Amino acid sequence: MALTQTDRALVLALWKKMSTNVGVYTTEALERTFVAFPSTKAYFPHLDLSPGSSQVKVHGQKVAEALTLAAHHLDDLPGSLSALSDLHAHKLGVDPANFQFFSHCLLVTLARHYPGDFSPKMHASLDRFLGLVTSALVSKYR
Amino acid sequence: MVHFTAEEKAAITSIWDKVDLEKAGGETLGRLLIVYPWTQRFFEKFGNLSPPQAIMGNPRIRAHGKKVLTSLGLAVQNMDNLKETFAHLSELHCDKLHVDPENFKLLGNMLVIVLSSHLGKEFTAEVQAAWQKLVAAVANALSLKYH
């Protein structure tokens with residue numbers, strides 16, 4: 001699986017539109033993940049996960065920065081996400097299924113906030129992008 | 001057996017009343033075929049599936065999407081009895097249609113995304129959670145008769 005030129009253009013267009021609000025949406029996606037897929041909370045016993053938690057916002061912002069970095073380094077995702085891959089593999093040990101729960105909730109969030117932009121093509125491009133980010137993140141697992 | 005709380009049932013039924021089965025069904029199935037193109041393997045007889053715009057405009061896809069959502073309506077009415085409700089459909093999907101149950105999960109998640117894009121603010125995290133529970137339970141019920 002690789003991103004076509006169309007995929008890249010669509011992903012970057014949405015990122016441009018979201019501008020400085022990427023963190024708002026990744027935070028909402030995290031909140032949705034914790035509510036809809038409660039098993040994911042197992043990785044965050046050290047955080048206050050109640051609705052509106054500022055700690056979740058902080059984490060959401062970290063995720064936003066990583067995704068924005070990824071969106072601007074589509075030619076070298078494994079390289080640009082290498083440090084994060086090490087972290088998730090060797091320190092955090094997050095089961096890969098959980099990235100899919102989060103990716104799905106991010107799509108739900110973006111569909112809800114940008115319904116007019118969320119064409120099937122955009123949807124497919126975002127899904128592929130998030131799939132590649134996930135692959136890069138788990139690439140060092142074993 | 002899955003148990004739905006009163007709140008979950010209310011979240012599900014309140015949304016369901018607003019769903020246009022043909023529109024949402026067509027969109028859900030169409031997006032499934034576009035985002036996960038390997039699912040097109042089940043619909044080769046449906047005519048034009050390329051390019052993506054053809055899928056969204058294909059009347060047979062719309063009609064089939066409506067059929068699928070109508071069955072999901074059965075789930076909404078029988079949340080306490082999904083196993084029996086979907087026994088026959090499970091046999092059909094295994095014995096006649098040969099559909100990998102993994103596809104039911106993909107379709108369920110696709111429906112959740114479509115509902116989110118149509119309902120906006122109303123599709124809160126709690127409402128989404130109730131719907132994730134329902135689609136997972138339906139996917140499971142549909143796989144029970146597989147052998």
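Model, not experiment: these values are computed from the prediction. Chain letters run A, B, ... following the sequence lines, proteins first and then strands; every chain starts at 1.
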Point to revise | Hphob cluster co-occupancy, A:Y43 + A:L137, side-chain heavy atoms under 4.5 angstrom | key: yes
Practice item. Would you mind telling me which of A:T109, A:L107, A:D127 makes a side chain to side chain contact (heavy atoms under 4.5 Å, CB included) with B:I113? Key: A:L107
Point to revise | Part of A:F34 within contact of chain B (heavy atom distance under 4.5 Å) | key: neither
Point to revise | Linked, directly or transitively: B:I15 and B:V76 (ILVMFWY side chains, under 4.5 Å) | key: yes
**Study point:** Segment of B:K121 engaging chain A (4.5 angstrom heavy-atom cut-off)
**Key:** both
Practice item. Consider only side-chain heavy atoms of I, L, V, M, F, W and Y, link residues closer than 4.5 Å, and tell whether A:F101 and A:L67 are in one cluster. Key: no
**Study point:** Working for side chain to side chain contact (heavy atoms under 4.5 Å, CB included), residues A:C105 and B:Q128
**Key:** CA-CA 9 Å; A:C105 287; B:Q128 181 191 346; 3.5 Å; yes
Check your understanding: So, for A:A36 and B:A129, which heavy atoms are closest and what is the spacing to 0.1 Å?
Key -> CA-CB, 3.6 Å
Practice item. Kindly work out whether a path of hydrophobic side-chain contacts (I/L/V/M/F/W/Y, heavy atoms less than 4.5 Å apart) joins B:Y36 to B:V114. Key: no
Point to revise | Contact class of B:Q53 relative to chain A, heavy atoms under 4.5 angstrom | key: side chain
Point to revise | Shortest non-hydrogen contact from A:R32 toward B:F123 | key: NH2-O, 2.6 Å
Exercise for review: Kindly give the heavy-atom pair with the smallest separation between A:R112 and B:S116, and that separation in Å.
Suggested key: CB-OG, 3.1 Å
Check your understanding: For chain B, which of A:T33, A:V35, A:V108 has the most heavy-atom pairs under 4.5 Å?
Key -> A:V108
**Study point:** Between CD on residue B:E27 and NE2 on residue A:H123, distance to nearest 0.5 Å
**Key:** 9.5 Å
**Study point:** Heavy-atom side-chain proximity of B:M56 to A:K121 below 4.5 angstrom
**Key:** no
Check your understanding: If Ile, Leu, Val, Met, Phe, Trp and Tyr residues are connected whenever their side-chain heavy atoms lie under 4.5 Å apart, and connections chain through other members, are A:L69 and A:L3 in the same group?
Key -> no
Exercise for review: Please check if atom NZ in B:K66 has more than 12 non-hydrogen atoms from other residues, nucleotides or ligands closer than 6.0 Å.
Suggested key: no
**Study point:** Selection from B:V112, B:N109, B:I34 maximising heavy-atom pairs under 4.5 Å formed with chain A
**Key:** B:N109
